[in-house]
Number of protein chains: 2
Amino acid sequence: MLSVLLLLPLAWGNVAFAAQDALPSWNDGAAKQQILDFVKKVTTTGSSDFVPPDQRIAVFDNDGTLWSEQPIYFQFFFVIDQLKAQAPQHPEWKTTEPFKSALAGDLKGVAASGEKGIAQLMAATHAGMTTDEFAKSVNQWVSTARHPKTHRVFTEMVYQPMLELLHFLRDNGFKTYIVSGGGQDFMRAWATAVYGIPPEQIIGSQGELKFELRDGKPVLLKEAKVALIDDGPGKPVGIERFIGRKPILAFGNSDGDQQMLEWVASGDGARFAGLVHHTDAAREWSYDRQSSVGKLDKALDEATAKGWTVVDMKKDWKLVFPADQK
Amino acid sequence: MLSVLLLLPLAWGNVAFAAQDALPSWNDGAAKQQILDFVKKVTTTGSSDFVPPDQRIAVFDNDGTLWSEQPIYFQFFFVIDQLKAQAPQHPEWKTTEPFKSALAGDLKGVAASGEKGIAQLMAATHAGMTTDEFAKSVNQWVSTARHPKTHRVFTEMVYQPMLELLHFLRDNGFKTYIVSGGGQDFMRAWATAVYGIPPEQIIGSQGELKFELRDGKPVLLKEAKVALIDDGPGKPVGIERFIGRKPILAFGNSDGDQQMLEWVASGDGARFAGLVHHTDAAREWSYDRQSSVGKLDKALDEATAKGWTVVDMKKDWKLVFPADQK
């Protein structure tokens, strides 16, 4: 009996919350421990690192951090499907880039048209729709379209360990936000149900909107003009604009998250900056410095230099997708 | 005993919550009753008008709705004081409009320069500052500057009845937002302490921001370019962008709030649209259709036509400012 009691504090220190593991899909290791330690110190009353609940703000990138992003950002599959549906009314697309490549499913051809080409595709498929019409079309797509490799609906390709982390943070008084380069309206159509994050806490790239009365009934029309590219240096801008204070925890997975992590890490007091490193070719994908999607190079160097938490997907996660659970 | 019991339901119906009046600075009358009735029906489980707590979103204009706005928007006094402090470095302002008029306190002269002139003044005084520097300068100003007529600090010129309404709504599970044409960063510097509304629920007109590393430390710089004019048709745009769902209650006071009220009133189910009508020359100001600041003309006609609640400041409010309390 005595020996059991002596062991208790040690076990507690190493694997906090072990009695009821809040992160059951995480293997014991540095990443999990750093998360548990951080949450413990900012929520312990009297601790010098204590943070009042209203300031416990956590921000998460979406593509590659909460769900997969290979072989290309999932929103792009939606855009291609929209293009195909509208192609009969646009015979000129057959011979004009970037439409030609997009319709042929030639992702490299589309990528060659650069940001401008992608903006053209977005404008062609989204502009002129009301926000309600757009949400409906995303909802319809997301409930039926399937990933070309896994043949799962895309919302089944979210990461179970990250779902647990979102819940764990909220259970500890955190307000969880998405801060993503993906389309804000696209994410808001499905992410509330999937992640438990309300629309007002989903920040993404966004276009201008126009207020209009249609038969006396007000609508908001999506316009072709970009209002915010919520990526790279645009992420701290999105955070300041939408939240107005510095979060204490940020999670990303690519160089597009570097400035967000720098911004969050620069605050006074305890801060947590984390990266998901895609190291798991068998269960998901393995890529970093050379990838055209979700490139992780400079941010990985900075994480090493500054001691940010790097999650090794292969080593740190017991399972990847919810359906992998036995 | 029986007669008392018989009277109870009637008394409850007419003056709900009378036992502990949640709106003590409101006189009994149509406006107060409409507010109480609305809150009761959307919060009563089982009622056909019941709204779940996460959808109880209330939006308030600021200038003229939560605090005064005469003889000119209070933020403008801040801009003038900033200009004066910087004038020694800008001798050319003495002879160039709109600077000349602003420095002379000639509000009509400034108004003559239109929106473009006001944008020039904002750019001259705000652009290039970091968000932290700007917040500090607003805080310093708001704790010392005084209104030219009342000689009160501006944050004492908030409306006590509206403070009570904000509290009453939050006590009933509402999330309260500000949606104002005023500067978002300007309001966020003081409005959280004064109204109990966190920065992420304060939406206003805003400029572009730029992320920059200064000696390795990240900062956000305010730029001269406008990102959103959160006024008139810009208000539903701001609501959609920041909140992503339609509020069920909106309060404004001018034509700049008309589209916000239309947007909120157009939702399915019970909705509340309210206007503060400035009718009280003795205790505050009296103005509407002819005013250059806070003009209330078209929205007043629409309120009458559609049965929106119009608060007659003189008749409906027992007192105006918190300091008026005995």
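So that the names make sense, note that chain A is the first sequence line, chain B the second, and so on, each numbered from 1. Every value quoted in this text rests on a predicted model; they were computed, and no experiment measured them. Computed over heavy atoms, backbone and side chain alike; hydrogens, waters and symmetry mates excluded.
Highest contact tally toward chain A, considering only Asp185(B), Ile57(B), Leu209(B), is held by Leu209(B) [criterion: heavy-atom pairs under 4.5 Å]. Listed options Glu212(B), Lys235(B), Gln259(B) were ranked by heavy-atom pairs under 4.5 angstrom with chain A; first place goes to Gln259(B). Most heavy-atom pairs under 4.5 Å with chain A: of the set Gln201(B), Arg245(B), Lys210(B), this distinction falls to Arg245(B). Across Ala265(B), Pro218(B), Gly244(B), Gly232(B), the residue that shares the most heavy-atom pairs under 4.5 angstrom with chain A is Pro218(B). Ranked by non-hydrogen atom pairs under 4.5 Å with chain A, the options Gly234(B), Pro198(B), Pro199(B) are led by Pro199(B).
Here the straight-line distance linking atom CZ of Arg188(B) with atom CD1 of Ile243(A) works out to 9.0 Å at 0.5 Å rounding. Here CG of Asp54(A) is found 8.0 Å from CD of Glu200(B). Values are rounded to the nearest 0.5 Å. In this structure, the separation between OG1 on Thr131(A) and CD on Glu240(B) is 4.5 Å, given to the nearest 0.5 Å. Here the CD-CG distance, from Glu208(B) to Leu228(A), works out to 8.0 Å after rounding to the nearest 0.5 Å. Taken to the nearest 0.5 Å, the CD1 atom of Ile239(B) stands 9.0 Å off from the CG atom of Leu220(A).
More than 12 non-hydrogen atoms from other residues, nucleotides or ligands lie less than 6.0 angstrom from CD of Glu133(A).
Minimum interatomic distance between Arg241(A) and Gly207(B) (heavy atoms only, all atoms of both residues): NH2-O, 4.3 Å.
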Checking side-chain contact (heavy atoms from CB on, under 4.5 Å) for the pair Glu262(B)/Leu213(A): CA distance, chi angles, key distance, verdict? CA-CA 9 Å; Glu262(B) 288 171 349; Leu213(A) 290 176; 4.0 Å; yes
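In this structure, chain B has a heavy atom under 4.5 Å from the side chain of Lys175(A), while its backbone stays farther away. Of the two parts of Ser266(A), the backbone and the side chain both hold a non-hydrogen atom closer than 4.5 Å to a non-hydrogen atom of chain B. Only the side chain of Gln184(A) comes within contact range of chain B, with at least one heavy atom under 4.5 Å from a heavy atom of that chain.
Using cut-offs of 30° and 60° on the angle between ring planes, the pair Phe211(B) and Trp263(A) is perpendicular.
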